[in-house]
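Worksheet: the structure to be examined is printed underneath.
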Amino acid sequence: MSKVKLSMAEQAEAFQLSPEYVRISMAAAIELGLKPGQLMRGCGCGCINLLQNYPEGCYANCSYCGLARERPGVAEENSFIRVDWPLFKTELVAEKIAEKEARSEVGRVCISQVQDPRNNEDLLEMTRIIHKAAPSVPISALINATTMTEEVLLQLKIEGVDIIGVGLDGAAEEVFYETRGKGAKGPHNWEGHWKIINRARELYGPMNVNCHTVVGLGETDRELVDLFAELHEKKIACYLFSFNPEEGTVMQHEERQPIDRHRHIQLVKYLIEHMDVDKSAIEFNENGLISRINVDQKILETAVGRGVAFMTDGCPDRHGVMSCNRPYGSYRPGEEFRDYPFPPNENDLRVIDSQMRLNEVAPKNNVGQIS
Ligand code: SF4
Ligand code: SF4
């Protein structure tokens with residue numbers, strides 16, 4: 001049921017709406033000097049993440065999301081992914097981006113769509129505003145696949161977008177249906193999402209399209225590993241997020257997946273994407289959880305020791321270096337890291353090692369030889 005009773009024209013008067021206004025992640029607001037504060041260990045926020053703002057939040061109804069249609073309260077009062085996303089005039093944000101770009105360099109800007117009848121026109125306009133103010137800053141569009149069209153994908157490219165992100169979130173069809181599709185009284189459709197992902201891949205090229213994937217929505221490890229392998233094969237990036245229950249959402253009482261599971265998933269993803277490991281090297285138990293990683297010990301040690309597997313993964317800057325590090329994207333301030341927004345130091349690696357309990361899935365004296 002709709003939370004806002006005003007017509008679109010009345011909403012424009014009553015609310016501060018996109019494209020004129022935009023939400024910005026707290027980390028990005030701090031980075032641009034729009035909010036006071038400091039990020040942990042001075043890590044910086046590589047990517048300026050922006051979000052469309054409408055009074056409903058989002059007309060979709062994903063069961064884990066703070067912007068979902070049926071979450072109580074209007075979007076103005078709610079938080080999205082647990083930390084506040086303050087609202088500013090888009091022109092002001094563009095100005096701040098241009099100022100920072102002149103001082104040093106802005107890694108990337110990302111504009112996220114929500115489901116709303118105005119979202120495509122507004123995304124194009126917001127892209128124009130940012131691109132005009134800071135033409136050399138790369139721009140990603142995190143699109144809402146359900147309302148996206150081929151024509152808009154092409155227009156976005158003309159307006160300056162070089163990377164398309166898609167919130168697939170659910171790693172497999174059933175979990176997608178239950179958390180985002182009809183099972184959640186939501187509009188999203190698995191096949192429709194793949195149609196847009198594949199079309200975007202054709203239009204934008206290798207590694208210029210990515211799928212956000214959430215660990216902990218009810219999927220199995222096997223489904224995640226199949227998805228990693230498929231996306232790797234198609235040269236579509238896969239960026240991991242970790243489910244964290246959001247108050248007031250349908251999944252508010254669901255537990256997060258254990259940290260050792262998350263670490264195993266991160267490691268296996270890295271092995272498939274960066275160490276040429278085939279998915280057949282991974283074994284699963286009867287519940288579809290990873291039971292054995294049959295990979296040479298040296299490869300495993302290298303993968304773990306580099307630490308990159310446990311960092312946030314996201315779109316790169318103009319030099320090809322990971323830019324979208326999303327501080328607090330998968331955990332609340334003060335909670336343990338799920339993904340590190342900076343390279344883990346020696347102490348972090350020790351923590352990761354103890355969390356991972358690698359010996360349980362890759363015993364030192366009993367590993368295979370996949371390389
Ligand atoms: S489409 Fe995105 S913003 Fe909208 S409810 Fe789903 S996850 Fe949230
Ligand atoms: S990884 Fe970051 S920059 Fe890339 S689409 Fe996702 S949120 Fe946007």
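All ligand and atom numbering here is 1-based and tracks the order in the structure. Just so it is clear, the structure is predicted and the values come from calculations on it, not from any experiment.
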Run the numbers for me: atoms of ligand 1, each under 4.0 Å from some heavy atom of C65, listed by number.
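Checking each atom against C65, I get 3 (S), 5 (S), 7 (S), 8 (Fe).
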Do [X] and [Y] have side-chain N/O donor and acceptor atoms under 3.5 Å apart?
X	Y	value
D122	S18	no
Q266	D339	no
N120	Q113	yes

Could you check whether R41 makes a cation-pi contact with Y340, meaning its NZ or CZ is under 6.0 Å from the centre of the six-membered ring and within 45° of the ring axis?
no
What's the shortest heavy-atom distance between F310 and V304, and which atoms?
CE1-O, 3.9 Å
Taking 4.0 angstrom as the limit and counting only heavy atoms of [X], give me the atoms of ligand 2 inside it, by number and element.
X	result
R326	1 (S), 2 (Fe)
C315	1 (S), 3 (S), 4 (Fe), 5 (S)
C110	3 (S), 5 (S), 7 (S), 8 (Fe)
H212	1 (S), 5 (S), 6 (Fe), 7 (S)
Y239	1 (S)

Quick check on atom 2 (Fe) of ligand 2: does C324 put an N/O/S atom closer than 2.8 Å to it?
yes
From C47, does some N, O or S atom reach closer than 2.8 Å to atom 8 (Fe) of ligand 2?
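No.
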Any donor-acceptor pair under 3.5 Å linking the side chain of S323 with the backbone of G46?
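Yes; judged by distance alone, with no hydrogens or angles, the pair exists.
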Tell me if a side-chain donor or acceptor on N287 pairs with a main-chain N or O of L289 at a distance below 3.5 Å.
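Flag not set: sc N287 to bb L289 has no pair under 3.5 Å.
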Specify side chain, backbone, both or neither for N49, according to which of its non-hydrogen atoms lie closer than 4.0 Å to ligand 2.
side chain
From the candidates Q115, Q113, H188, the one that places a heavy atom nearest atom 1 (S) of ligand 1:
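The nearest heavy atom belongs to H188.
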Non-hydrogen atoms of R69 versus ligand 1: any pair closer than 4.0 Å?
no
After noting the C-alpha distance and the side-chain angles of E255 and R261, does the key distance pass the salt bridge (Lys or Arg N to Asp or Glu O under 4.0 Å) rule?
CA-CA 13 Å; E255 294 209 352; R261 179 185 179 219; over 6 Å; no
